[in-house]
There are 2 protein chains.
Amino acid sequence: MLPTQCFHDVDQSATCCSFGPCAHEKPATIMDQVPRVTTRELRAKEHIFFEGDHKTHVYLVESGAVSIYKVLVDGSRQIIDFALPGDVIGLGSNSEHINSAQSTVATRLQRVSFDVLQRQAQKNPQLAMQLYAALSEELAAARDLLVTVGQRSASQRVVAFLLALSRRNRRYGKDPSDIVLPMTRSDIADFLGLTIETVSRTFSSLKSKGLIVLGRNAQVDLTDLEALERLCAEQ
Amino acid sequence: MLPTQCFHDVDQSATCCSFGPCAHEKPATIMDQVPRVTTRELRAKEHIFFEGDHKTHVYLVESGAVSIYKVLVDGSRQIIDFALPGDVIGLGSNSEHINSAQSTVATRLQRVSFDVLQRQAQKNPQLAMQLYAALSEELAAARDLLVTVGQRSASQRVVAFLLALSRRNRRYGKDPSDIVLPMTRSDIADFLGLTIETVSRTFSSLKSKGLIVLGRNAQVDLTDLEALERLCAEQ
DNA sequence: CGGTACTTTGATATTCATCAACTCCCGTGG
DNA sequence: CCACGGGAGTTGATGAATATCAAAGTACCG
């Protein structure tokens with residue numbers, strides 16, 4: 001097992017918020033098995049690749065954050081996943097990218113050649129199975145997000161999003177009630193299938209209820225995790 | 001490449017309806033590489049497995065239709081995919097199912113042992129890569145549905161759904177303007193993140209506009225494919 | 001400092017969910 | 001053969017949630 005662009009945790013049992021604990025600990029196993037790893041630095045809002053581009057590399061996020069998204073003809077955008085430090089971008093056997101990727105903040109990436117990775121996988125069944133497991137997690141994450149967007153109210157979606165970041169913090173040994181949002185309201189809105197205004201209003205509402213405190217620098221304090229969990233599950 | 005539960009087509013370029021042509025033709029390559037294939041017959045609305053169940057088999061849909069879904073604590077259901085004839089259910093490296101599966105109509109399945117398949121894949125890199133490609137398609141399908149549910153209006157979702165079935169027909173050499181819906185309005189609603197009533201009203205509205213004709217036996221005639229495509233893309 | 005991008009807040013409009021009643025279809029049993 | 005019953009589908013009336021439009025406020029970067 002190895003980390004993927006599993007931004008929100010994959011919940012096997014669909015309790016609560018459809019986000020749950022994600023069990024991968026080993027960081028970047030894939031990258032260790034392939035030679036010639038190079039790094040790339042990005043400022044905020046730089047593109048890594050576009051949908052339809054020929055797939056040249058697979059990337060590991062070292063720091064920062066990347067949005068994986070699709071755009072419709074009318075220009076509206078659905079962010080499919082946020083790739084955070086430790087997550088891998090660009091897996092899948094297609095020779096072309098099926099979505100676009102853009103840094104949401106300043107970001108540092110490691111990259112390996114897609115072809116080299118594919119060839120290694122052909123020779124090494126264990127690597128192939130690792131790739132398979134990684135993709136399997138991405139699939140679970142995409143489906144969890146689908147459940148959230150398809151079935152939950154605006155405030156439940158936002159809370160689910162915050163709790164997913166909280167759980168990620170816990171997984172990495174950081175404070176689960178003190179999270180950072182490395183993306184704009186607009187990014188969050190496009191991730192949750194809402195508008196900027198609705199996301200902003202929901203934050204304000206949670207703040208006025210004393211469930212969160214909005215700090216400087218995109219910092220958010222989750223002052224009542226239990227109440228948030230309840231909010232996310234209820235109805 | 002091999003077929004998966006890619007109900008709607010995977011559109012590489014996110015044109016129109018986020019559903020597009022899906023290029024797999026070889027049916028059931030996986031099943032041919034594993035011994036002891038058995039079959040199972042189901043009446044409508046029988047369960048194949050539940051979320052959390054130990055994964056014993058991987059299934060190929062021979063006839064009928066299967067809904068893959070998750071339920072939330074409040075009882076609401078999100079159908080994640082419809083598996084139709086030729087599609088495979090139960091892939092992924094988890095030892096437990098991460099969603100439930102239920103026939104929507106009378107259905108016949110082929111099944112192979114999950115463990116046997118895993119072991120074969122360990123030994124046979126080509127099979128492993130096939131599984132990888134299959135999962136890759138499932139992921140693309142889940143993401144396309146996410147885009148539809150997250151960004152489109154009720155009528156656009158319904159039309160996208162109809163057009164996906166139409167394209168599937170075309171791919172299998174059948175009439176793309178004469179489709180069958182092997183599921184209830186309730187299933188469609190839970191797939192598209194809508195209510196039964198909204199789905200029904202949308203069908204009625206499309207009918208009154210002369211874009212579709214509702215026939216007997218869940219048959220739907222798409223009398224103006226171009227107008228439907230336009231409806232799905234516009235705004 | 002000054003400008004730009006991002007965020008918040010308010011007023012209004014629209015879409016879709018909800019609640020409720022009714023119809024249709026099909027199978028079952030009297 | 002017809003009556004009954006239940007599941008599925010349709011249609012209408014209403015309300016709530018969220019999008020849209022508009023404007024002001026705030027932080028950040030040169």
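First the proteins, then the strands, lettered A, B, ... as listed; each starts at 1.
- Listed pair B:T198 / C:dA17 meets the phosphate criterion, a side-chain N or O lying under 4.0 Å from OP1 or OP2.
- Residues that satisfy the side-chain contact (heavy atoms from CB on, under 4.5 Å) test with B:A227, not counting sequence neighbours, are B:L211, B:D224, B:R230.
- A heavy atom lying under 4.0 Å from DNA chain C marks the following residues of residues 199-208 of chain B, by number: B:R201.
- Contacts of B:L214 with the nucleic acid, taken as non-hydrogen atoms under 4.0 Å apart, involve only primed sugar atoms and P, OP1 or OP2.
- Taking atom CG on A:L181 and atom C1' on C:dC6, their separation rounds to 14 Å, with Å as the unit.
- Across the protein-nucleic acid pair, A:Q219 atom CD and C:dT7 atom P stand 15 Å apart, rounded to whole Å.
- Between the side chains of A:T198 and A:T195, at least one donor-acceptor pair of N or O atoms lies under 3.5 Å.
- Rounded to a whole Å, the CD1 atom of B:I188 is 13 Å from the P atom of D:dA8.
- Between A:T184 and C:dC6 there is no side-chain polar atom (N or O) within less than 4.0 angstrom of OP1 or OP2.
- Checked by atom type, the side-chain pair A:R157/A:T148 shows no donor-acceptor distance below 3.5 Å.
- Partners of B:S166 under the side-chain contact (heavy atoms from CB on, under 4.5 Å) rule, at least two apart in sequence or in another chain, are B:P176, B:I179, B:L222, B:L225.
- For A:S153, counting side-chain heavy atoms from C-beta on, the closest listed nucleotide (D:dG9, C:dT18, D:dT18) is D:dT18.
- A search for side-chain hydrogen bond (donor to acceptor under 3.5 Å, both in side chains) contacts involving B:S177 returns B:D175, not counting sequence neighbours.
- Rounded to whole angstrom, the span from the CZ atom of B:R152 across to the P atom of C:dC16 amounts to 13 Å.
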Are there any protein N/O atoms within less than 3.5 Å of an N/O atom in nucleotides 23-29 of chain D, and if so, which ones and at what distance?
residue : atom : partner : partner atom : Å
D:dC28  : OP2  : A:R216  : NH1          : 3.4

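- Under the rule for a side-chain hydrogen bond (donor to acceptor under 3.5 Å, both in side chains), B:T202 has no partner lying at least two apart in sequence or in another chain.
- Pairs passing the salt bridge (Lys or Arg N to Asp or Glu O under 4.0 Å) check and including a residue from residues 200-217 of chain A, sequence neighbours excluded, do not occur.
- Side-chain atoms of B:E197 lie closest to C:dT18 of the nucleotides D:dG9, C:dA17, C:dT18.
- Counting only heavy atoms from C-beta on, B:K45 has its side chain closest to D:dA8 among C:dT8, C:dA17, D:dA8.
- Atom CG of A:L194 is separated from atom C1' of D:dA19 by 10 Å (rounded to the nearest Å).
- Qualifying side-chain hydrogen bond (donor to acceptor under 3.5 Å, both in side chains) partners for B:S200, counting only residues two or more places apart in sequence or in other chains: none.
- A:D187 pairs by the side-chain contact (heavy atoms from CB on, under 4.5 Å) definition with A:K45, A:R77, A:I79, A:F82, A:T104, A:M183, A:T184, not counting sequence neighbours.
- The CG-P distance, from B:D190 to D:dG9, rounds to 12 Å in whole Å.
- Between A:E138 and B:R143 there is a salt bridge, since at least one side-chain N of the basic residue sits less than 4.0 Å from a carboxylate O of the acidic one.
- We find that CG of B:D187 is positioned 13 Å from C1' of D:dG7, with the value rounded to whole Å.
- To the nearest angstrom, C1' of D:dA17 lies 10 Å from CZ of A:R157.
- The side-chain hydrogen bond (donor to acceptor under 3.5 Å, both in side chains) test applied to A:S76 returns A:D74, not counting sequence neighbours.
- A:S103 is linked by a side-chain contact (heavy atoms from CB on, under 4.5 Å) to A:L42, A:E46, A:T107, counting only residues two or more places apart in sequence or in another chain.
- Rotation axes derived from the C1' atoms of the five outermost pairs at either end of the helix from C:dC1-D:dG30 to C:dG30-D:dC1 lie 30° apart, to the nearest 10°.
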